[in-house]
Asker: 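Quick one: the structure is below, questions incoming.
Only this structure's heavy atoms are used, side chains among them; waters, hydrogens and symmetry mates stay out. Keep in mind that this is a model prediction, so the values were computed, not measured.
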2 protein chains.
Amino acid sequence: MIRLFIAEDQKMLLSALGSLLDLEKDMEVIGQAVNGEEALSSILKLKPDVCLMDIEMPVLSGLDVAEQLSQRGSHSKVIILTTFARPGYFERAVKNGVHGYLLKDGEIDELADAIRKCMTGKRIFSPELTFDLIREENPLTEREQQILRMASLGKTTKEITSELYLSSGTVRNYISEIIQKLEAKNRTEAASIAKTKGWI
Amino acid sequence: MIRLFIAEDQKMLLSALGSLLDLEKDMEVIGQAVNGEEALSSILKLKPDVCLMDIEMPVLSGLDVAEQLSQRGSHSKVIILTTFARPGYFERAVKNGVHGYLLKDGEIDELADAIRKCMTGKRIFSPELTFDLIREENPLTEREQQILRMASLGKTTKEITSELYLSSGTVRNYISEIIQKLEAKNRTEAASIAKTKGWI
DNA sequence: TTGTAAAAATGACATTTGTCATCTGATTTC
DNA sequence: GAAATCAGATGACAAATGTCATTTTTACAA
């Protein structure tokens, strides 16, 4: 019997996946969570065989949870299940040693198959992901990402300086650098590009 | 027997909903679609009793489909099923005479109940939606929305002028007006606000 | 210890952006 | 037909943004 845990913030999908996978004769869903924090603590407690994990969840993202689990020596296998084939996400997932990365773009049956394959030790990746465009690495440093995230909400240079305790010139230098790295025209376009690539 | 049609671009959720609702003894899923265009033509052909419809789909949005259906005198009831409680979405849905607006935030069972209630002629709305904040009308004119959409991609004033054949001053006047209406600090924040409210 | 590389700051500059008051034509409306 | 309304335009101004060359500070590996 494969003991499953599901973390997914869209409750309708969570409950649907739960019901359907529970119907499989060789699987049982032993826990669910709607945010990363709950997921992390439950997984450490319940030690499921396989965790299905969404990325975009409140509090902690699925990638954060995967990172924590690997750091704390958990033996539960993690399969990332997400809408987004963003380069940055995939890159981080691989770095954190996940056992699978699937898009919410396949049928449920494929998912069940993937879980069984994963149990045998294989790593499972959606075919869409193996192509190059996904391999694009995030060119932005931590600091740059942080600043661009703030800029993308419309925060002004001044607001950013006072939150980060940097001088106005420094912030503008960072943004200038970001704009060049992303080949954008201005901060707004840079934010738009970075978002679609999953870099911020 | 309630004849259902489901339109949803996230295939995993589509197939999960399909399987689960088909299990209900009084329902049968007679068709599915992953984009608005397919959905529209299939619904006109199959004349299902109830359509579950996502909003954010390729080609035509769920709201576009609902609009078309009501214009063409379809008798199929439409239930919008979406992640987003955005004022603009809700406003448009109501204008187009949909029979329900549910968030993908409930359990599957609630969904099945809602469908049955809908069949009796009742209109079904997620309780989260009935509060005021959702009632906020889109304060932006068509033109303003169009310009803000362009600005949100990082297009400069100059690029906008040449796409719309307006003078640079006019574009800046529009953006200035938009910023005041949305109580933002700059175009980027205006875009961020408008997006979360579903106004662009 | 030196060398190298980030991270952060400075100053000077050109451009872009946001604001505001005012002006012109159309189109409605009374 | 006069008045109000609306989409655009203009010009002038201040503030914010983006660019670049140069410098300081810190960190850390050889």
Asker: Return the value, rounded to whole Å, for the distance between atom CD of B/Gln180 and atom P of C/dT19.
Answerer: 6 Å
Asker: I'd like a table of donor-acceptor pairs (distance under 3.5 Å, sequence neighbours excluded) in which one partner is a side-chain atom from residues 30-37 of chain B, with atom names and distances.
Answerer:
{"residue": "B/Asn35", "atom": "OD1", "partner": "B/Glu37", "partner atom": "N", "Å": "2.9"}
{"residue": "B/Asn35", "atom": "OD1", "partner": "B/Glu38", "partner atom": "N", "Å": "2.9"}
{"residue": "B/Asn35", "atom": "ND2", "partner": "B/Glu38", "partner atom": "OE2", "Å": "3.3"}

Asker: Take atom CD of A/Glu159 and atom C1' of D/dA16, then tell me their distance rounded to the nearest Å.
Answerer: 12 Å
Asker: Determine whether A/Ser167 and A/Thr161 make a side-chain contact, defined as any pair of heavy atoms from C-beta on separated by less than 4.5 Å.
Answerer: no
Asker: Can B/Lys104 and B/Glu8 be counted as an ion pair, charged N to O under 4.0 angstrom?
Answerer: yes
Asker: Tell me if the NZ atom of B/Lys181 is crowded by more than 12 foreign heavy atoms within 6.0 Å.
Answerer: yes
Asker: Write down the distance between CD1 (B/Ile179) and P (C/dC20), rounded to a whole number of angstrom.
Answerer: 11 Å
Asker: Got a sec: does the NZ of A/Lys185 have more than 12 other heavy atoms crowding it under 6.0 Å?
Answerer: yes
Asker: For nucleotides 6-9 of chain C, give me every protein contact, N/O to N/O, under 3.5 Å, one pair per line with atom names.
Answerer:
{"residue": "C/dA8", "atom": "OP1", "partner": "A/Arg143", "partner atom": "NH2", "Å": "3.3"}
{"residue": "C/dA8", "atom": "OP2", "partner": "A/Arg143", "partner atom": "NE", "Å": "3.2"}
{"residue": "C/dA8", "atom": "OP2", "partner": "A/Tyr174", "partner atom": "OH", "Å": "2.4"}
{"residue": "C/dA9", "atom": "OP2", "partner": "A/Ser167", "partner atom": "N", "Å": "2.8"}
{"residue": "C/dA9", "atom": "OP2", "partner": "A/Thr170", "partner atom": "OG1", "Å": "2.8"}
{"residue": "C/dA9", "atom": "O5'", "partner": "A/Thr170", "partner atom": "OG1", "Å": "3.4"}
{"residue": "C/dA9", "atom": "N6", "partner": "A/Asn173", "partner atom": "ND2", "Å": "3.3"}

Asker: Send over the distance from B/Leu148 CG to C/dG18 P, rounded to a whole Å.
Answerer: 11 Å
Asker: May I ask you to check whether over 12 heavy atoms, not counting those of B/Gln71, lie within 6.0 Å of atom CD?
Answerer: yes
Asker: To the nearest angstrom, how far is B/Glu142 atom CD from D/dA7 atom P?
Answerer: 11 Å
Asker: The test is side-chain contact (heavy atoms from CB on, under 4.5 Å); show your working for B/Leu111 and B/Asp113 and say whether it passes.
Answerer: CA-CA 5 Å; B/Leu111 178 59; B/Asp113 291 346; over 6 Å; no
Asker: Once you round it to whole Å, what is the distance between C1' of D/dT17 and CD1 of A/Ile147?
Answerer: 14 Å
Asker: Send over the distance from B/Gln146 CD to D/dG8 C1', rounded to a whole Å.
Answerer: 14 Å
Asker: What are the atom names and distances for every N/O pair under 3.5 Å that joins the protein to nucleotides 12-16 of chain C?
Answerer:
none

Asker: To the nearest Å, how far apart are A/Ile160 CD1 and D/dA16 P?
Answerer: 13 Å
Asker: Before we go on, tell me: are the rings of B/Tyr89 and B/Tyr101 under 6.0 Å apart, centre to centre?
Answerer: no
Asker: Hey, does B/Met53 have a side-chain heavy atom less than 4.5 Å from the side chain of B/Ile43?
Answerer: yes
